[in-house]
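Chain letters run A, B, ... following the sequence lines, proteins first, then strands; residues in each count from 1.
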There are 2 protein chains.
Amino acid sequence: MAQRSGAAAQPIRTAVTADDGIDFSIIELLYFAYRDFTSDPDQILAEYGFGRAHHRVLHFVNRMPGLTVAELLDVLKITKQSLARVLKQLIDAGYIVQVQGPRDRRQRELYPTPKGRTLTLALARPQSRRIDAALEGAGETERAWIERFLKAMVNPELRAQIDHLPGNTPGKDHGE
Amino acid sequence: MAQRSGAAAQPIRTAVTADDGIDFSIIELLYFAYRDFTSDPDQILAEYGFGRAHHRVLHFVNRMPGLTVAELLDVLKITKQSLARVLKQLIDAGYIVQVQGPRDRRQRELYPTPKGRTLTLALARPQSRRIDAALEGAGETERAWIERFLKAMVNPELRAQIDHLPGNTPGKDHGE
DNA sequence: CAATTTATGTCAGCACTGTTGACATAAATT
DNA sequence: AATTTATGTCAACAGTGCTGACATAAATTG
(Lines give C-alpha, C1' and ligand atoms only; values in the text may rest on other atoms or scores of the structure.)
Protein backbone atom coordinates (compact mmCIF):
# COMPACT_ATOMS: atom_id res chain seq x y z
CA MET A 1 0.00 0.00 0.00
CA ALA A 2 2.92 2.30 0.67
CA GLN A 3 3.56 2.77 -3.01
CA ARG A 4 0.03 3.84 -3.82
CA SER A 5 -0.35 6.76 -1.48
CA GLY A 6 -1.99 8.79 -4.24
CA ALA A 7 -3.31 7.70 -7.61
CA ALA A 8 -1.96 4.43 -8.98
CA ALA A 9 1.04 4.91 -11.25
CA GLN A 10 0.02 4.90 -14.89
CA PRO A 11 1.23 2.13 -17.18
CA ILE A 12 3.68 3.18 -19.87
CA ARG A 13 2.58 1.65 -23.15
CA THR A 14 5.57 2.45 -25.33
CA ALA A 15 8.64 0.20 -25.58
CA VAL A 16 12.15 1.28 -24.74
CA THR A 17 14.24 1.28 -27.91
CA ALA A 18 17.63 2.30 -29.22
CA ASP A 19 16.15 5.79 -29.35
CA ASP A 20 16.66 5.94 -25.60
CA GLY A 21 20.38 5.92 -26.36
CA ILE A 22 20.90 2.38 -25.18
CA ASP A 23 22.13 -0.62 -27.10
CA PHE A 24 19.31 -3.01 -26.27
CA SER A 25 20.03 -5.39 -29.15
CA ILE A 26 23.43 -6.43 -27.91
CA ILE A 27 22.28 -6.43 -24.29
CA GLU A 28 19.59 -8.93 -25.19
CA LEU A 29 21.80 -10.95 -27.50
CA LEU A 30 24.33 -11.41 -24.74
CA TYR A 31 21.64 -12.64 -22.39
CA PHE A 32 20.14 -15.14 -24.84
CA ALA A 33 23.49 -16.25 -26.21
CA TYR A 34 24.97 -16.90 -22.80
CA ARG A 35 21.88 -18.68 -21.55
CA ASP A 36 21.87 -21.13 -24.42
CA PHE A 37 25.64 -21.43 -24.43
CA THR A 38 25.57 -22.71 -20.85
CA SER A 39 22.59 -24.97 -21.34
CA ASP A 40 24.60 -27.68 -23.12
CA PRO A 41 27.05 -28.44 -20.30
CA ASP A 42 24.34 -27.93 -17.70
CA GLN A 43 22.48 -30.94 -19.03
CA ILE A 44 25.57 -33.14 -18.86
CA LEU A 45 26.50 -31.88 -15.41
CA ALA A 46 23.06 -32.76 -14.07
CA GLU A 47 23.73 -36.43 -14.86
CA TYR A 48 26.74 -36.28 -12.54
CA GLY A 49 24.96 -34.36 -9.79
CA PHE A 50 27.15 -31.37 -10.54
CA GLY A 51 26.28 -27.77 -11.32
CA ARG A 52 27.76 -24.86 -13.16
CA ALA A 53 30.13 -24.07 -10.32
CA HIS A 54 31.70 -27.50 -10.65
CA HIS A 55 32.14 -26.88 -14.35
CA ARG A 56 34.05 -23.66 -13.75
CA VAL A 57 36.42 -25.24 -11.29
CA LEU A 58 37.00 -28.22 -13.54
CA HIS A 59 37.54 -25.94 -16.50
CA PHE A 60 40.21 -23.75 -14.95
CA VAL A 61 42.01 -26.60 -13.24
CA ASN A 62 42.30 -28.21 -16.65
CA ARG A 63 43.37 -24.99 -18.29
CA MET A 64 45.92 -24.11 -15.60
CA PRO A 65 46.99 -27.41 -14.01
CA GLY A 66 48.89 -26.91 -10.78
CA LEU A 67 47.28 -23.62 -9.90
CA THR A 68 46.81 -23.09 -6.19
CA VAL A 69 43.56 -22.61 -4.34
CA ALA A 70 44.28 -18.91 -3.94
CA GLU A 71 44.96 -18.53 -7.64
CA LEU A 72 41.74 -20.30 -8.51
CA LEU A 73 39.82 -18.01 -6.19
CA ASP A 74 41.37 -15.05 -7.93
CA VAL A 75 40.29 -16.28 -11.34
CA LEU A 76 36.76 -17.14 -10.30
CA LYS A 77 36.25 -14.16 -7.99
CA ILE A 78 34.27 -16.14 -5.45
CA THR A 79 34.87 -16.77 -1.76
CA LYS A 80 36.83 -19.73 -0.49
CA GLN A 81 33.69 -21.01 1.23
CA SER A 82 31.86 -21.13 -2.09
CA LEU A 83 34.78 -22.86 -3.72
CA ALA A 84 35.29 -25.32 -0.87
CA ARG A 85 31.88 -26.88 -1.34
CA VAL A 86 32.30 -27.75 -4.98
CA LEU A 87 36.01 -28.43 -4.87
CA LYS A 88 35.60 -31.00 -2.11
CA GLN A 89 32.97 -32.82 -4.16
CA LEU A 90 35.21 -32.85 -7.22
CA ILE A 91 38.13 -34.18 -5.21
CA ASP A 92 36.04 -36.80 -3.39
CA ALA A 93 34.63 -38.01 -6.70
CA GLY A 94 38.12 -38.26 -8.21
CA TYR A 95 37.99 -35.53 -10.83
CA ILE A 96 40.65 -33.35 -9.23
CA VAL A 97 43.64 -34.10 -7.01
CA GLN A 98 45.51 -31.84 -4.65
CA VAL A 99 49.30 -31.88 -4.46
CA GLN A 100 51.20 -30.15 -1.72
CA GLY A 101 53.10 -27.13 -3.03
CA PRO A 102 56.80 -27.95 -3.55
CA ARG A 103 58.16 -24.63 -2.27
CA ASP A 104 55.38 -23.54 0.03
CA ARG A 105 53.95 -26.63 1.66
CA ARG A 106 50.85 -24.73 2.76
CA GLN A 107 49.73 -24.42 -0.81
CA ARG A 108 47.60 -27.00 -2.55
CA GLU A 109 48.25 -27.38 -6.25
CA LEU A 110 45.21 -28.54 -8.15
CA TYR A 111 45.43 -31.01 -11.02
CA PRO A 112 42.82 -32.85 -13.04
CA THR A 113 42.81 -36.64 -13.00
CA PRO A 114 42.30 -38.49 -16.29
CA LYS A 115 38.64 -38.72 -15.33
CA GLY A 116 38.55 -34.98 -14.72
CA ARG A 117 40.23 -34.30 -18.04
CA THR A 118 37.73 -36.45 -19.87
CA LEU A 119 34.76 -34.75 -18.27
CA THR A 120 36.15 -31.30 -18.98
CA LEU A 121 36.53 -32.11 -22.65
CA ALA A 122 33.05 -33.61 -22.78
CA LEU A 123 31.59 -30.45 -21.26
CA ALA A 124 33.51 -28.16 -23.59
CA ARG A 125 32.72 -30.09 -26.76
CA PRO A 126 29.11 -28.97 -27.28
CA GLN A 127 30.06 -25.40 -26.41
CA SER A 128 32.86 -25.46 -28.93
CA ARG A 129 30.55 -26.92 -31.56
CA ARG A 130 28.04 -24.16 -30.92
CA ILE A 131 30.77 -21.57 -31.31
CA ASP A 132 32.02 -23.19 -34.51
CA ALA A 133 28.54 -23.12 -35.94
CA ALA A 134 28.07 -19.50 -34.93
CA LEU A 135 31.33 -18.61 -36.66
CA GLU A 136 30.21 -20.16 -39.92
CA GLY A 137 31.07 -17.84 -42.74
CA ALA A 138 33.42 -15.82 -40.59
CA GLY A 139 37.08 -15.64 -41.53
CA GLU A 140 40.07 -14.97 -39.34
CA THR A 141 39.44 -11.24 -39.44
CA GLU A 142 35.86 -11.55 -38.24
CA ARG A 143 36.82 -14.01 -35.57
CA ALA A 144 39.48 -11.59 -34.36
CA TRP A 145 36.90 -8.81 -34.09
CA ILE A 146 34.57 -11.00 -32.13
CA GLU A 147 37.35 -12.00 -29.72
CA ARG A 148 38.45 -8.41 -29.42
CA PHE A 149 34.91 -7.35 -28.60
CA LEU A 150 34.43 -10.02 -25.95
CA LYS A 151 37.75 -9.28 -24.37
CA ALA A 152 36.98 -5.58 -24.29
CA MET A 153 33.78 -6.40 -22.40
CA VAL A 154 35.89 -7.75 -19.54
CA ASN A 155 36.99 -5.39 -16.78
CA PRO A 156 40.35 -3.94 -17.88
CA GLU A 157 42.26 -5.06 -14.78
CA LEU A 158 41.32 -8.68 -15.50
CA ARG A 159 42.32 -8.83 -19.14
CA ALA A 160 45.89 -9.73 -18.31
CA GLN A 161 44.60 -12.85 -16.58
CA ILE A 162 43.03 -13.99 -19.82
CA ASP A 163 46.31 -13.58 -21.64
CA HIS A 164 47.97 -15.98 -19.25
CA LEU A 165 45.70 -18.81 -20.26
CA PRO A 166 47.33 -21.23 -22.69
CA GLY A 167 46.86 -20.57 -26.38
CA ASN A 168 45.38 -17.12 -26.03
CA THR A 169 46.91 -14.43 -28.19
CA PRO A 170 47.72 -11.62 -25.78
CA GLY A 171 47.20 -7.91 -26.08
CA LYS A 172 45.39 -7.80 -29.40
CA ASP A 173 43.90 -4.41 -28.78
CA HIS A 174 44.45 -2.43 -31.94
CA GLY A 175 45.17 -4.10 -35.22
CA GLU A 176 47.54 -7.00 -35.43
CA MET B 1 36.95 -44.14 -0.62
CA ALA B 2 34.93 -45.55 -3.50
CA GLN B 3 36.95 -43.68 -6.05
CA ARG B 4 40.29 -44.95 -4.76
CA SER B 5 39.74 -48.66 -4.98
CA GLY B 6 43.23 -49.11 -6.42
CA ALA B 7 46.08 -46.63 -6.73
CA ALA B 8 45.21 -42.95 -6.47
CA ALA B 9 44.54 -41.37 -9.86
CA GLN B 10 47.58 -39.56 -11.16
CA PRO B 11 47.51 -35.80 -11.66
CA ILE B 12 47.64 -34.62 -15.27
CA ARG B 13 50.18 -31.83 -15.51
CA THR B 14 49.53 -30.58 -19.02
CA ALA B 15 46.91 -27.97 -19.86
CA VAL B 16 44.03 -28.50 -22.23
CA THR B 17 44.49 -26.28 -25.28
CA ALA B 18 43.04 -25.60 -28.70
CA ASP B 19 45.01 -28.69 -29.76
CA ASP B 20 42.29 -30.74 -28.11
CA GLY B 21 40.03 -29.48 -30.88
CA ILE B 22 38.09 -27.18 -28.62
CA ASP B 23 37.72 -23.42 -28.79
CA PHE B 24 38.75 -22.60 -25.25
CA SER B 25 39.49 -18.93 -25.96
CA ILE B 26 35.96 -18.01 -26.88
CA ILE B 27 34.51 -20.26 -24.17
CA GLU B 28 36.49 -18.36 -21.58
CA LEU B 29 35.88 -14.97 -23.12
CA LEU B 30 32.16 -15.55 -22.99
CA TYR B 31 32.38 -16.45 -19.32
CA PHE B 32 34.46 -13.43 -18.33
CA ALA B 33 32.61 -11.03 -20.59
CA TYR B 34 29.21 -12.06 -19.33
CA ARG B 35 30.28 -12.01 -15.71
CA ASP B 36 31.57 -8.47 -15.91
CA PHE B 37 28.72 -7.36 -18.15
CA THR B 38 26.21 -8.33 -15.47
CA SER B 39 28.20 -6.91 -12.59
CA ASP B 40 27.24 -3.30 -13.36
CA PRO B 41 23.48 -3.67 -12.95
CA ASP B 42 23.95 -6.14 -10.11
CA GLN B 43 25.48 -3.41 -7.99
CA ILE B 44 22.60 -1.03 -8.64
CA LEU B 45 20.01 -3.73 -8.06
CA ALA B 46 21.49 -4.54 -4.68
CA GLU B 47 20.68 -1.01 -3.51
CA TYR B 48 17.03 -1.72 -4.24
CA GLY B 49 17.02 -5.17 -2.68
CA PHE B 50 16.55 -6.68 -6.11
CA GLY B 51 18.51 -9.32 -7.99
CA ARG B 52 19.24 -10.33 -11.52
CA ALA B 53 15.87 -11.98 -11.92
CA HIS B 54 14.14 -8.69 -11.20
CA HIS B 55 16.31 -7.07 -13.84
CA ARG B 56 15.26 -9.53 -16.48
CA VAL B 57 11.58 -9.09 -15.77
CA LEU B 58 11.90 -5.32 -15.72
CA HIS B 59 13.89 -5.40 -18.92
CA PHE B 60 11.44 -7.40 -20.98
CA VAL B 61 8.37 -5.65 -19.62
CA ASN B 62 9.97 -2.41 -20.76
CA ARG B 63 10.94 -3.86 -24.10
CA MET B 64 7.54 -5.45 -24.74
CA PRO B 65 5.00 -3.44 -22.75
CA GLY B 66 1.65 -5.17 -22.46
CA LEU B 67 3.01 -8.66 -22.78
CA THR B 68 1.13 -11.25 -20.76
CA VAL B 69 2.47 -13.39 -17.95
CA ALA B 70 2.49 -16.41 -20.25
CA GLU B 71 4.43 -14.53 -22.90
CA LEU B 72 6.97 -13.37 -20.36
CA LEU B 73 7.43 -16.93 -19.14
CA ASP B 74 8.04 -17.99 -22.71
CA VAL B 75 10.74 -15.38 -23.19
CA LEU B 76 12.49 -16.06 -19.92
CA LYS B 77 12.07 -19.84 -20.00
CA ILE B 78 11.45 -20.11 -16.27
CA THR B 79 8.51 -21.49 -14.30
CA LYS B 80 5.61 -19.36 -13.18
CA GLN B 81 6.57 -20.01 -9.56
CA SER B 82 10.01 -18.54 -10.15
CA LEU B 83 8.50 -15.56 -11.92
CA ALA B 84 5.77 -15.02 -9.33
CA ARG B 85 8.25 -14.29 -6.58
CA VAL B 86 10.06 -11.49 -8.35
CA LEU B 87 7.08 -10.15 -10.27
CA LYS B 88 5.09 -9.71 -7.08
CA GLN B 89 7.91 -7.71 -5.54
CA LEU B 90 8.19 -5.48 -8.61
CA ILE B 91 4.43 -4.86 -8.62
CA ASP B 92 4.26 -4.23 -4.88
CA ALA B 93 7.12 -1.77 -5.11
CA GLY B 94 5.44 0.06 -7.99
CA TYR B 95 7.80 -0.71 -10.84
CA ILE B 96 5.32 -2.74 -12.85
CA VAL B 97 1.53 -2.67 -13.13
CA GLN B 98 -0.85 -5.35 -14.28
CA VAL B 99 -3.78 -4.58 -16.55
CA GLN B 100 -6.55 -7.02 -17.21
CA GLY B 101 -6.43 -8.29 -20.78
CA PRO B 102 -9.02 -6.50 -22.95
CA ARG B 103 -10.08 -9.56 -24.95
CA ASP B 104 -9.27 -12.35 -22.54
CA ARG B 105 -9.92 -11.09 -19.05
CA ARG B 106 -7.91 -13.91 -17.53
CA GLN B 107 -4.76 -12.45 -18.93
CA ARG B 108 -2.65 -9.91 -17.12
CA GLU B 109 -0.87 -7.44 -19.34
CA LEU B 110 2.33 -6.16 -17.80
CA TYR B 111 3.45 -2.55 -18.14
CA PRO B 112 6.24 -0.55 -16.57
CA THR B 113 5.36 2.48 -14.47
CA PRO B 114 7.40 5.65 -14.91
CA LYS B 115 9.45 4.48 -11.93
CA GLY B 116 9.98 1.12 -13.63
CA ARG B 117 10.98 2.77 -16.86
CA THR B 118 13.51 4.94 -15.08
CA LEU B 119 15.08 2.02 -13.27
CA THR B 120 15.27 -0.04 -16.44
CA LEU B 121 17.14 2.71 -18.22
CA ALA B 122 19.46 3.21 -15.26
CA LEU B 123 20.29 -0.51 -15.26
CA ALA B 124 20.87 -0.63 -19.00
CA ARG B 125 23.01 2.48 -19.16
CA PRO B 126 26.27 1.05 -17.76
CA GLN B 127 25.82 -2.08 -19.85
CA SER B 128 25.34 -0.02 -22.97
CA ARG B 129 28.39 2.08 -22.13
CA ARG B 130 30.45 -1.05 -21.70
CA ILE B 131 29.28 -2.30 -25.07
CA ASP B 132 30.02 1.03 -26.72
CA ALA B 133 33.52 0.99 -25.30
CA ALA B 134 34.03 -2.59 -26.44
CA LEU B 135 32.93 -1.63 -29.96
CA GLU B 136 35.46 1.17 -30.14
CA GLY B 137 37.17 1.05 -33.50
CA ALA B 138 34.52 -1.25 -34.94
CA GLY B 139 32.47 -0.05 -37.88
CA GLU B 140 29.00 -1.11 -38.95
CA THR B 141 30.38 -4.19 -40.66
CA GLU B 142 32.21 -5.40 -37.57
CA ARG B 143 29.23 -4.69 -35.38
CA ALA B 144 27.05 -6.69 -37.74
CA TRP B 145 29.42 -9.64 -37.49
CA ILE B 146 29.38 -9.51 -33.72
CA GLU B 147 25.59 -9.39 -33.63
CA ARG B 148 25.41 -12.18 -36.16
CA PHE B 149 27.72 -14.30 -34.05
CA LEU B 150 25.79 -13.70 -30.84
CA LYS B 151 22.49 -14.43 -32.50
CA ALA B 152 23.85 -17.62 -33.99
CA MET B 153 24.82 -18.73 -30.49
CA VAL B 154 21.14 -18.74 -29.52
CA ASN B 155 19.11 -21.89 -30.03
CA PRO B 156 17.67 -21.70 -33.56
CA GLU B 157 14.04 -22.05 -32.49
CA LEU B 158 14.34 -18.97 -30.28
CA ARG B 159 15.90 -16.63 -32.81
CA ALA B 160 12.52 -15.55 -34.14
CA GLN B 161 11.67 -14.28 -30.65
CA ILE B 162 14.63 -11.93 -30.79
CA ASP B 163 13.47 -10.51 -34.09
CA HIS B 164 10.18 -9.53 -32.52
CA LEU B 165 11.85 -7.20 -30.07
CA PRO B 166 11.65 -3.54 -31.09
CA GLY B 167 14.49 -2.16 -33.16
CA ASN B 168 16.13 -5.44 -33.93
CA THR B 169 16.99 -6.05 -37.54
CA PRO B 170 15.47 -9.44 -38.31
CA GLY B 171 16.87 -12.38 -40.18
CA LYS B 172 20.33 -11.05 -40.93
CA ASP B 173 21.80 -14.45 -41.49
CA HIS B 174 23.88 -14.12 -44.62
CA GLY B 175 24.83 -10.72 -45.84
CA GLU B 176 22.23 -8.00 -46.10
C1' DC C 1 -26.09 -24.87 -19.87
C1' DA C 2 -22.67 -28.09 -17.87
C1' DA C 3 -18.11 -29.78 -18.30
C1' DT C 4 -13.60 -28.87 -19.47
C1' DT C 5 -9.63 -26.24 -20.47
C1' DT C 6 -6.79 -22.20 -19.90
C1' DA C 7 -4.40 -18.20 -17.55
C1' DT C 8 -2.97 -16.98 -13.47
C1' DG C 9 -1.94 -17.14 -8.51
C1' DT C 10 -0.23 -19.32 -4.38
C1' DC C 11 1.73 -22.53 -0.79
C1' DA C 12 5.39 -25.61 0.46
C1' DG C 13 9.66 -27.63 0.02
C1' DC C 14 14.07 -28.48 -2.12
C1' DA C 15 18.67 -27.68 -4.81
C1' DC C 16 22.50 -24.91 -6.17
C1' DT C 17 25.59 -21.32 -5.50
C1' DG C 18 26.72 -17.10 -3.90
C1' DT C 19 27.48 -14.34 0.67
C1' DT C 20 29.36 -13.12 5.73
C1' DG C 21 31.41 -14.27 10.09
C1' DA C 22 34.02 -17.08 13.08
C1' DC C 23 37.44 -20.21 14.23
C1' DA C 24 41.34 -23.92 13.47
C1' DT C 25 45.80 -25.65 11.72
C1' DA C 26 50.14 -25.80 9.73
C1' DA C 27 53.76 -23.62 7.57
C1' DA C 28 56.27 -19.50 6.32
C1' DT C 29 58.02 -15.09 7.65
C1' DT C 30 59.60 -11.55 10.80
C1' DA D 1 58.82 -16.50 19.71
C1' DA D 2 55.28 -13.88 17.51
C1' DT D 3 52.92 -12.91 13.49
C1' DT D 4 51.21 -13.59 9.00
C1' DT D 5 49.66 -16.51 5.28
C1' DA D 6 47.29 -20.49 2.87
C1' DT D 7 43.95 -23.40 3.52
C1' DG D 8 39.99 -25.77 5.64
C1' DT D 9 35.61 -25.90 8.04
C1' DC D 10 31.17 -24.86 10.50
C1' DA D 11 26.97 -22.24 10.46
C1' DA D 12 23.61 -19.28 8.73
C1' DC D 13 21.48 -16.71 5.19
C1' DA D 14 20.01 -14.80 0.32
C1' DG D 15 18.68 -15.25 -4.44
C1' DT D 16 16.76 -17.88 -7.91
C1' DG D 17 15.97 -21.93 -10.18
C1' DC D 18 12.91 -26.42 -9.68
C1' DT D 19 8.70 -29.80 -8.70
C1' DG D 20 4.15 -30.81 -6.95
C1' DA D 21 -0.29 -29.57 -5.43
C1' DC D 22 -4.26 -26.89 -5.22
C1' DA D 23 -7.48 -22.60 -6.11
C1' DT D 24 -10.06 -19.24 -8.95
C1' DA D 25 -12.01 -17.03 -12.68
C1' DA D 26 -12.81 -16.80 -17.36
C1' DA D 27 -12.99 -18.87 -21.87
C1' DT D 28 -14.16 -22.69 -24.68
C1' DT D 29 -16.55 -26.90 -25.94
C1' DG D 30 -19.96 -30.44 -26.37
A:His55 NE2 to C:dT17 C1', straight-line distance once rounded to whole Å: 16 Å
Terminal axes of the helix from C:dC1-D:dG30 to C:dT30-D:dA1 (five pairs each): angle between them, nearest 10 degrees: 20°
Spacing between B:Gln107 atom CD and C:dG9 atom P, to the nearest angstrom: 11 Å
B:Gln161 vs B:Asp74, side chain to side chain contact (heavy atoms under 4.5 Å, CB included): CA-CA, chis, key distance, verdict: CA-CA 9 Å; B:Gln161 230 176 34; B:Asp74 192 51; 3.2 Å; yes
Sugar-phosphate, base or nothing in reach of B:Gln98, heavy atoms under 4.0 Å: sugar-phosphate
Heavy atoms from other residues, nucleotides or ligands near NZ of B:Lys88 exceed 12 (cutoff 6.0 Å): no
Of B:Tyr31, B:Phe32, B:Phe24, the residue whose pairing with A:His59 passes ring-ring contact (aromatic ring centres under 6.0 Å, His included): B:Phe24
Salt bridge (charged side-chain N to carboxylate O under 4.0 Å, His left out) partners for A:Asp19, two or more places apart: none
Sugar-phosphate only, base, or nothing, as touched by B:Glu71 at under 4.0 Å among non-hydrogen atoms: nothing
Spatial distance of atom CG (A:Asp20) from atom CZ (B:Arg117) [nearest 0.5 Å]: 6.5 Å
Pair B:Glu28 + A:Arg63, salt bridge at N-O below 4.0 Å: yes
Close residues, residues 27-37 of chain A, relative to DNA chain C [heavy-atom separation under 4.0 Å]: none
Between P of C:dC16 and OH of A:Tyr48, the distance in whole Å: 16 Å
Chi angles and distances behind the salt bridge (Lys or Arg N to Asp or Glu O under 4.0 Å) call for B:Asp163, B:Lys151: CA-CA 10 Å; B:Asp163 293 333; B:Lys151 187 165 165 185; 2.7 Å; yes
Integer-rounded Å distance: D:dG8 P and A:Leu72 CG: 11 Å
Atom pairs under 3.5 Å: protein N/O with N/O of nucleotides 26-30 of chain C:
| residue | atom | partner | partner atom | Å |
| --- | --- | --- | --- | --- |
| C:dA28 | OP1 | A:Arg103 | O | 3.4 |
| C:dA28 | OP1 | A:Arg105 | N | 3.2 |
| C:dA28 | OP2 | A:Arg105 | NH2 | 3.4 |

Minimum-distance pair of heavy atoms, taken over all atoms of A:Pro11 and B:Val97: CB-CG2, 3.5 Å
Nearest-0.5 Å distance, CD of residue A:Gln127 to CZ of residue A:Arg130: 8.5 Å
Distance in angstrom units between B:Arg108 CZ and C:dT6 P, rounded: 18 Å
Partners meeting ring-ring contact (aromatic ring centres under 6.0 Å, His included) with B:His55 (sequence neighbours left out): none
Per-nucleotide protein contact string for nucleotides 13-20 of chain D (B base, S sugar-phosphate only, - none; heavy atom under 4.0 Å): --SBBBBB
Intermediate values then yes/no, side chain to side chain contact (heavy atoms under 4.5 Å, CB included), A:Thr38 and B:Tyr34: CA-CA 11 Å; A:Thr38 51; B:Tyr34 193 76; over 6 Å; no
Spacing of CD1 belonging to B:Ile26 relative to CG belonging to A:Leu150, to within rounding of 0.5 Å: 6.5 Å
B:Gln81 atom CD, over 12 foreign heavy atoms within 6.0 Å: yes
